[in-house]
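Taking it in order: structure first as C-alpha cells, then the write-up.
When a ligand or atom number is given, it counts from 1 through the structure's own listing order.
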Amino acid sequence: MPKLAYLGPEGTFTEEALRLLDPTAERLPCANVSAALNAARAGEADGAVVPLENSIEGAITTTLDEFAWGEPLLITAELLLPVQFSLLARPGTEIPHIKRVYTHPAAITQCRGYIARELPDAVVVSAPSTAAAAQEVSLPGSPYDAAIAARIAGEHYGLTELAGGIGDRSDTVTRFVKVARPGGPLPEPTGSDRTTLVVFLADDHPGALLEMLTEFSVRGVNLTRIESRPTGDGIGRYFFHFDFEGHIGDARVGEAIAGLHRICGEVRFLGSYPRADGRQPQIKRGTSDAEFAEAGEWLARVRAGRVQ
Ligand SMILES: O=C(O)C(=O)Cc1ccccc1
C-alpha cells in the first residue's frame, strides 16, 4: 500500500483528491505544499498529492515554483475536483458577529463575492489550508470567528455550517497532481495524455518566446497551459511552465521536447500522465506517429542515395 503525503490536515480538498486518486493509499498529512513534496523527496512517503491550478485564479504558484526549483519530482496522475465552500464557525456564532475569517488564499479568491456581500467588515486572513483554518477556528481561544472550508472539514472539527455553496461560481474546479520520485517507469501512453515541462531560457533575446512556441507549433502539439514565473534574478527575468497534449513517447511530443532542449538553457521534464478529462489530442495532418516514422524512413532512403 503506497504512502502519499498531502496538504493537510484532515479535511482539505487535497485529501479528497488523494482519496479519489488512490483510495487505498496510506495518508501522510503535511502542513503545506512544500512539506508534502519534501516528504516525497526524502522517502518519508512514496509520493505526494498537491493542488496545481484552479479554474478561477489559475496557478498555485508555490506548487509551480517547487516543481521548477526543488529536487526533481515526476507527475504521474492528475485529478479535476469540483470544489464547494462553506462558512464554518463554532456553535452559537452568528454571521453578523463574524469579524475575522481564516482560510486558504485560493478560497479567498473564489469566495470574493460572498465575502464582500455578507462579511463586508470582516478581516480575511490566509491559512496554510482550508482544513487548517477549520481546525484553528475550532479551538476555544481562537482569534478567528469563522473558517471557509469544505463542509466535511466542519463536520470533522465540530463546527457549524452557517452558509454552504458560498463560492462565486458553482462550477469551480481545482486540478490536483500526484507526484513520485523520478527513477521508476513513466506512466504508459493511453492516447489521452498530458505532458508538463519547465523551460529556462539560455539568454534573453527578441523572439525567445516565439522560438519556444514554434517547437510546439511545427510539430502540431496543442498547449493546454502556459505560465511565466519570475526567476528571482530581477525584473524582466522569467522561466516558463508548459502543459500540452500528448505523451513524451509520441513522436511529435518527443521531437518538440528535444527541439526545446537544443535551443533553451534548461528543460525540466515533469512527466507524461493520463488526462483527467479523457480528451483526445488534436493531431494535425502530418504529425501522427506513423507520419513521423514514414518521414524518417524516407530521409534514411534519401541519405543512402536510394530511389525516393
Ligand atoms: O486548503 C485546501 O483544502 C486545499 O486543498 C487547497 C485548496 C484550497 C481551495 C481550493 C482548492 C484547493
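- Look at Glu15 and Arg19 and you find a salt bridge, because one of the NZ, NE, NH1 or NH2 atoms lies within 4.0 Å of a carboxylate O, short of that distance.
- The one candidate from Leu87, Ile148, Ile166 that meets the side-chain contact (heavy atoms from CB on, under 4.5 Å) condition with Leu119 is Leu87.
- In summary, the atoms of ligand 1 found under 4.0 Å from a heavy atom of Thr12, numbered by their order in the structure, are 2 (C), 3 (O), 5 (O).
- Where the criterion is an N or O separation shorter than 3.5 Å, residue side chain and backbone included, Phe176 fails it with respect to ligand 1.
- Against a heavy-atom cut-off of under 4.0 Å, Ser129 is close to the following atoms of ligand 1: 1 (O).
- Among all protein heavy atoms, the one lying closest to atom 9 (C) of ligand 1 is Ala106 CB, 3.6 Å.
- Of the charged side-chain nitrogens involved, none lies within less than 4.0 Å of a carboxylate oxygen, so that Arg252 and Glu291 do not count as a salt-bridged pair.
- Under the side-chain contact (heavy atoms from CB on, under 4.5 Å) test applied with Thr195, the options Phe242, Tyr273, Phe244 reduce to a single match, Phe244.
- Ligand 1 has a nitrogen or oxygen under 3.5 angstrom from a nitrogen or oxygen of Thr14.
- Classification of Glu227 and Arg225 as a salt-bridged pair holds, one side-chain N sitting under 4.0 Å from a carboxylate O.
- In this structure, Leu7 is part of the shell of residues with a heavy atom less than 4.0 angstrom from ligand 1.
- Between Phe13 and the options Tyr6, Phe85, Phe176, a ring-ring contact (aromatic ring centres under 6.0 Å, His included) holds for only Phe85.
- With respect to atom 1 (O) of ligand 1, the closest heavy atom belonging to the protein is Thr130 N, 2.7 Å.
- Of the charged side-chain nitrogens involved, none lies within less than 4.0 Å of a carboxylate oxygen, so that Asp168 and Arg112 do not count as a salt-bridged pair.
- Annotation: atom 11 (C) of ligand 1 to nearest protein heavy atom, Thr174 OG1, 3.4 Å.
- For atom 8 (C) of ligand 1, the nearest protein heavy atom (residue, atom name, distance) is His104 ND1, 3.6 Å.
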